Q: 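Below is one structure. I have some questions about it.
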There are 2 protein chains.
Amino acid sequence: MSTASGADTATATSTASSEGVTSVRRMRADAVKNRRRILDAAEAVFADEGLSAPIDVVAERAGVGVGTLYRHFPTKEALFEAIVTTRLQELVDSADAASTADDPGEALFSFLRTFGSQASAKHDVIDALAVAGVDVKSRCASTFEDLQAAIRRLLDRATASGAVRDDVTTAEVIGLVVGACHAAEQPSLGVTPDRMIEVVCDGLRRRV
Amino acid sequence: MSTASGADTATATSTASSEGVTSVRRMRADAVKNRRRILDAAEAVFADEGLSAPIDVVAERAGVGVGTLYRHFPTKEALFEAIVTTRLQELVDSADAASTADDPGEALFSFLRTFGSQASAKHDVIDALAVAGVDVKSRCASTFEDLQAAIRRLLDRATASGAVRDDVTTAEVIGLVVGACHAAEQPSLGVTPDRMIEVVCDGLRRRV
DNA sequence: CACTATACGGAACTGGCGTTCCGTTTGTCA
DNA sequence: TGACAAACGGAACGCCAGTTCCGTATAGTG
C-alpha cells in the first residue's frame, strides 16, 4: 500500500557544499504534494496499463504538467525505479513472511501463489521483470537482488527439507512464475496465472 | 528451413476480370527474386532480433529499398504473417510428428521440448505469441488454431492415457511453455528454457 | 507587502519507425 | 530494338512518445 520507504519521503534536497558539509533544504509544500500525486498516479497507471503507458497519462492523472513530472523524476526510468522498487520490496516482504511457515515446501509454494496474484493485479512488475528493454537490472538492482536472495532462501529451505527437487535454480523458479504471469496478461490466451502456478509448484516438488 | 509453403510461392498475381474470369499474370523475374530475398532477410532478422526489429533493417539486409518491401508486403504485419505462419506451421508439423510416438505422455513432453528449442532459437515466435501488441490472433489466426488443435490432441491423448493430469487446458500448457521461453530471452535472468520446460513437464505429469 | 528562489505548465523539439510518394530503372513482349 | 507496364529506391511525411525550455505563478521569508 504505502509507497514511501523512509528515505524515499523526499521532502528535502541535499546539497554538498565545497567544504563537504551537507546542507539540507526543505522542499516547497506544493512540490511535496505534487511529488506524492505523481507517485500515486504512476503507481495506478503503471499497475493497470503496464510500464509502456505514456508519461503524459501519468502527468494528467496526477493533475500536473509534464514539466513538473520531469522536475521530480528526470527520466521515465527514474519513475519506474520508484514504483518498481516498491513493488519488489512488497514481494521481498511476502517472501520473508512466508519463510516463517512450518512446512518449507508450502512456504515456497504459498509465496509463489502470492507472487502470482500480486503480479496479475499489477502489470508493472511483470513488465519490469519480463519485458526486454526495461532494465530493472540497472536501476532496481539491489532490490531485485534482495528479492532473488529471499526466494533463494525459501528455495534452499524447501530443497533441504526434501520437499523440492534440487536441480533447479532461483532464476529458473523466477523465470517460470514470471513467464506464467506474463502469458496470463495476454488476453488472447484467456488464462489466469493460478492454475499454471500450481503446475509449476507440482513440477518443483520432489518426485517420490 | 524452407519458408515456401506451396501457395506462398507467389510467382503470380491473380486478377478477377469483369466477366468473373480469373486471369493470371506472371510476376517479373526481379520481383520474384526480391520477394524471396525479403522473406529470407525477414526470417533471419526477426529470428534474432524479434518482431520489433525495424523494417529498414530487413530491407537493408535484403539489399532492397523500403519502397520495394512495401510493394510486396503492404504492412509490417503482413510480413509478420508470412514469417510467423511459417514458424507456427513448423510447430504444427512437430506436434503431428510427435503424436505418432508410442507413449502419449512422452509424445506431449517431447513436443514441448522441441517447442522450447525452436522458440529459443527463433525470437519471433515467442514475440508473436507472448508480446502484447503483436496480434497473431487476427492474422495468423487459422495457423495458430491449427497449432492449438494439434497440441490439444497431444494433451488429450496424454490425459486419457493417465500420464498427464486432467485439470489443465491447452492454453495453460501453451502459456507455461511460452512463458518459460519468454523468460529465457531475458538476458538478465541468465536461464535457458530446457530445465524450466522439464519442470513444467513434471508438473503436468499425473501425481502417482 | 515585496521580493526572490522555487516550482509549475505545456508548447515545442527530437528521434525512431511505419508508411507513402514519385521520379527513375528495368524486364518483357512485339 | 523500342515502348510501356511493372518494379525499384529512398527521400519525405506523420505519428507517437520522451525530453527540454522558458515564460508564468507562487510559497516562503524579512
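Reckoned from all heavy atoms, side chains included, excluding hydrogens, waters and symmetry mates. Keep in mind the model is a prediction, meaning the values are calculated, not measured. Every chain is numbered from 1, with letters handed out A, B, ... down the list of sequences.
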Q: Tell me the interatomic distance from B:Phe73, atom CZ, to C:dT20, atom P, rounded to whole angstroms.
A: 16 Å

Q: Looking at D:dT19, I'd like to know if its phosphate oxygens (OP1 or OP2) sit under 4.0 Å from a side-chain N or O belonging to A:Thr75.
A: yes

Q: Donor-acceptor pair, distance only, cut-off 3.5 Å: does the side chain of A:Ser117 make one with the backbone of A:Thr114?
A: yes

Q: Hey, does the side chain of B:His182 reach the backbone of A:Ala130 with a donor-acceptor pair shorter than 3.5 angstrom?
A: yes

Q: Please determine which of B:Lys122, B:Arg87, B:Arg36 meets the salt bridge (charged side-chain N to carboxylate O under 4.0 Å, His left out) test together with B:Glu43.
A: B:Arg87

Q: For B:Ala78, check side chain to side chain contact (heavy atoms under 4.5 Å, CB included) against everything at least two apart and list the hits.
A: B:Phe73, B:Pro74, B:Thr75

Q: How close or far is atom P of D:dA7 from atom CZ of B:Arg37, stated in whole angstroms?
A: 16 Å

Q: Can you check whether B:Thr159's main-chain N or O pairs, donor with acceptor, with B:Asp166's side chain at less than 3.5 Å?
A: no

Q: Whole-Å distance between D:dT19 C1' and A:Leu79 CG?
A: 14 Å

Q: Where along residues 47-55 of chain A does a heavy atom fall under 4.0 Å from DNA chain D?
A: A:Pro54, A:Ile55

Q: Identify all pairs in which a protein N or O lies below 3.5 Å from an N or O of nucleotides 28-30 of chain C, and state each distance.
A:
unit_1	atom_1	unit_2	atom_2	d
C:dT28	OP1	B:Ala29	N	3.0

Q: Between P on C:dG16 and NZ on A:Lys76, what's the gap in Å once rounded to a whole number?
A: 17 Å

Q: Please determine if a side-chain N or O atom of A:Asn34 lies less than 4.0 Å away from the OP1 or OP2 oxygen of C:dA7.
A: no

Q: Are B:Asp202 and B:Arg205 close enough for a salt bridge, meaning some N to O gap below 4.0 Å?
A: yes

Q: Which residues, if any, of residues 57-72 of chain B bring a heavy atom under 4.0 Å of DNA chain C?
A: B:Tyr70

Q: Under the side chain to side chain contact (heavy atoms under 4.5 Å, CB included) rule, collect the residues that match up with B:Ala163, sequence neighbours excluded.
A: B:Ser161

Q: Roughly how far apart are B:Leu79 CG and B:Leu69 CG, rounded to 0.5 Å?
A: 6.0 Å

Q: Take atom CZ of B:Arg36 and atom P of D:dC8, then tell me their distance rounded to the nearest Å.
A: 15 Å

Q: Is a side-chain N or O of B:Gln118 found less than 3.5 angstrom from the main chain of B:Phe115, in a donor-acceptor match?
A: no

Q: Which residues satisfy the side chain to side chain donor-acceptor pair (under 3.5 Å) test with A:Asp48, sequence neighbours excluded?
A: none

Q: In plain terms, say whether A:Glu106 and A:Arg113 are close enough for a salt bridge, that is, a side-chain N and a carboxylate O under 4.0 Å apart.
A: yes

Q: Using whole Å, what does the distance between atom P of nucleotide C:dT20 and atom CG of B:Asp56 come to?
A: 14 Å

